[in-house]
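This report refers to the structure that appears directly beneath it.
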Amino acid sequence: MCRLAAYVGPERPLSDVIMSPPHGLIAQASQAEEAKFAVNGDGFGVAWYGQPEVPGLYRDALPAWSDGNLPSLCQTICSRLFLAHVRAGTYGETSRLNCHPFVNGRWAFMHNGQCGGFAKGRRVLESLLPDVLYLARKGTTDSELFFLLMLANGLDRCPVAAFHKTYEQVRSTCNGPVRCAIVISDGTRIWAFRYASDGRCPTLYASERFDSGGQVVASEPLDQTPANWSAIGPNSHAVFELRHPVNAG
């Protein structure tokens, strides 16, 4: 299982979520507490939004704790909305192209979980993509394909409807459990989905008291203080904007 974190709020350094907290994403990369495996060393990535509509992106196949550039980038890049991910691969080799977040236009996407039976269902799912999105596929993961299917299913029009249509396509095509904690953004909002076809949803929390008025979504509480966080409910989603989340079922 991968670990992920996202922030929306007043502009702040990426390090405030990724590096500085006692259980920030870098700590979770090697010492995850609510995952099957403690180590998530199959690469990492960060997507952040600034003045351009299209997000910046930095990814590598190195373990996050061994990248010498990441601390400097996190300390000097400030953003009002960013996504970060450390990978424990299930489908697809360890490569930069298979690292999250995935970006297409103004959208950034990251995923923790698995699409059981993906190897058998992959060809059918890929056939559902229009040519332009099929050609946009760079890696080999189930996660990137889920993202491209959401784009094909109307992500620009309604992210919630696009998620549900894609989730049902994957669930009905693959012969295995579909478990997902998915975080996506268009640069103005964060949508967080926590779903599983077998009731075993990956963990996903939202901050209640993150400083400076921002909101954080994360696989595990960054400060190891449960009172500051609430779990997003199973088979539900939440939407986060500059000040407050909009909860939905």
Side-chain angles (χ1 to χ4, degrees), residues 2 4 6 45 47 49 52-57 59 81 83 85 87 89-93 95-198 201-202 204 217 232 235-240 246 248-249:
C2 309
L4 55 82
Y49 291 85
E53 186 174 301
V54 176
L57 182 65
R59 302 184 296 177
L81 196 158
L83 285 64
H85 186 279
R87 182 172 183 247
T90 51
Y91 296 107
E93 69 276 5
S95 71
R96 182 176 295 154
L97 293 178
N98 283 337
C99 292
H100 310 221
F102 301 101
V103 168
N104 186 289
R106 64 192 174 104
W107 290 99
F109 170 103
M110 57 185 180
H111 169 233
N112 169 37
Q114 67 181 85
C115 300
F118 174 70
K120 293 183 178 180
R122 173 179 172 177
R123 183 174 179 180
V124 173
L125 293 171
E126 286 181 337
S127 72
L128 301 176
L129 295 174
D131 288 348
V132 66
L133 290 175
Y134 181 83
L135 294 173
R137 183 163 162 79
K138 305 300 183 184
T140 56
T141 64
D142 54 347
S143 302
E144 184 184 18
L145 181 53
F146 200 108
F147 175 39
L148 294 173
L149 285 167
M150 285 187 68
L151 287 164
N153 289 329
L155 181 59
D156 282 322
R157 296 189 300 274
C158 180
V160 176
F163 169 81
H164 283 291
K165 184 174 181 178
T166 303
Y167 179 81
E168 287 305 315
Q169 287 174 332
V170 174
R171 186 192 61 79
S172 62
T173 302
C174 298
N175 297 317
V178 179
R179 303 169 187 156
C180 51
I182 285 174
V183 175
I184 60 175
S185 180
D186 63 353
T188 62
R189 293 184 177 186
I190 291 171
W191 288 262
F193 299 88
R194 184 179 178 228
Y195 277 74
S197 61
D198 62 354
C201 299
L204 196 60
V217 182
I232 294 174
N235 294 332
S236 68
H237 74 277
V239 186
F240 298 85
V246 180

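All of these numbers come straight from a predicted model, not from anything done at the bench.
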(message) What's the separation between atom CZ in R87 and atom OG in S95, rounded to the nearest 0.5 Å?
(response) 7.0 Å
(request) Ignoring hydrogens and angles, tell me if any N or O in the side chain of S197 forms a donor-acceptor pair with the backbone of V178 under 3.5 Å. (result) yes
(message) Is the ring pair H237/H164 parallel, tilted or perpendicular, if the boundaries are 30 and 60 degrees?
(response) perpendicular
(message) For C115 versus F146, what's the shortest heavy-atom pair and its separation?
(response) SG-CD1, 4.4 Å
(message) For Q169, is there any backbone N or O sitting under 3.5 Å from a side-chain donor or acceptor partner on S172?
(response) yes
(message) Taking the side chain as everything from C-beta on, heavy atoms only, tell me whether F147 gets closer than 4.5 Å to L155.
(response) yes
(request) Check M150 against A162 and note the closest heavy-atom contact, atom names and distance. (result) O-CB, 3.6 Å
(request) State, with a plain yes or no, whether a side-chain heavy atom of H85 is found less than 4.5 Å away from one of L83. (result) no
(message) Test ring pair (Phe, Tyr, Trp, His ring centres under 6.0 Å) on Y167 and F193; report intermediate values, then the result.
(response) CA-CA 11 Å; Y167 179 81; F193 299 88; 9.7 Å; no
(request) Kindly give the heavy-atom pair with the smallest separation between E144 and A136, and that separation in Å. (result) OE2-O, 3.9 Å
(request) Output the distance between atom SG (C99) and atom CE (M110), rounded to the nearest 0.5 Å. (result) 13.5 Å
(message) Side chains of D156 and W107 only: does a donor on one sit below 3.5 Å from an acceptor on the other?
(response) yes
Which donor-acceptor pairs under 3.5 Å do side chains of residues 118-128 form with protein atoms, sequence neighbours excluded?
| residue | atom | partner | partner atom | Å |
| --- | --- | --- | --- | --- |
| R122 | NE | E126 | OE2 | 3.1 |
| E126 | OE2 | R137 | NE | 3.2 |
| S127 | OG | V124 | O | 2.5 |

(message) So, taking the atom named SG in C201 and the one named CZ in R194, what distance separates them when rounded to the nearest 0.5 Å?
(response) 5.0 Å
(message) Under 3.5 Å, is there a donor on one side chain and an acceptor on the other for N98 and T141?
(response) no
(message) For a quick test of reading the model, state the closest non-hydrogen atom pair linking P55 to G105 and the distance between them.
(response) CD-O, 3.4 Å
(request) Kindly give the heavy-atom pair with the smallest separation between A181 and L4, and that separation in Å. (result) O-CD2, 3.8 Å
(message) Are L145 and L129 packed together at the side-chain level, in the sense that at least one heavy-atom pair is separated by less than 4.5 angstrom?
(response) yes
(message) If the condition is side-chain hydrogen bond (donor to acceptor under 3.5 Å, both in side chains), which residues does D131 pass it with, not counting sequence neighbours?
(response) none
(message) Let me confirm one number: the CG-OG1 distance from L81 to T188, rounded to the nearest 0.5 Å.
(response) 8.0 Å
(request) Give, for atom NE2 of H111 and atom CZ of R179, the distance between the pair rounded to the nearest 0.5 Å. (result) 11.0 Å
(request) Scan for salt bridge (Lys or Arg N to Asp or Glu O under 4.0 Å) pairs involving residues 160-169, sequence neighbours excluded, and state none if there are none. (result) E168-R171
(message) Can you give me the closest heavy-atom contact between P202 and N112, atom names plus distance?
(response) CB-ND2, 3.5 Å
(request) May I ask you to test the D186-W191 pair for a side-chain heavy-atom distance under 4.5 Å? (result) yes
(request) Measure the CG-CG distance between L148 and L133 for me, rounded to the nearest 0.5 Å. (result) 5.5 Å
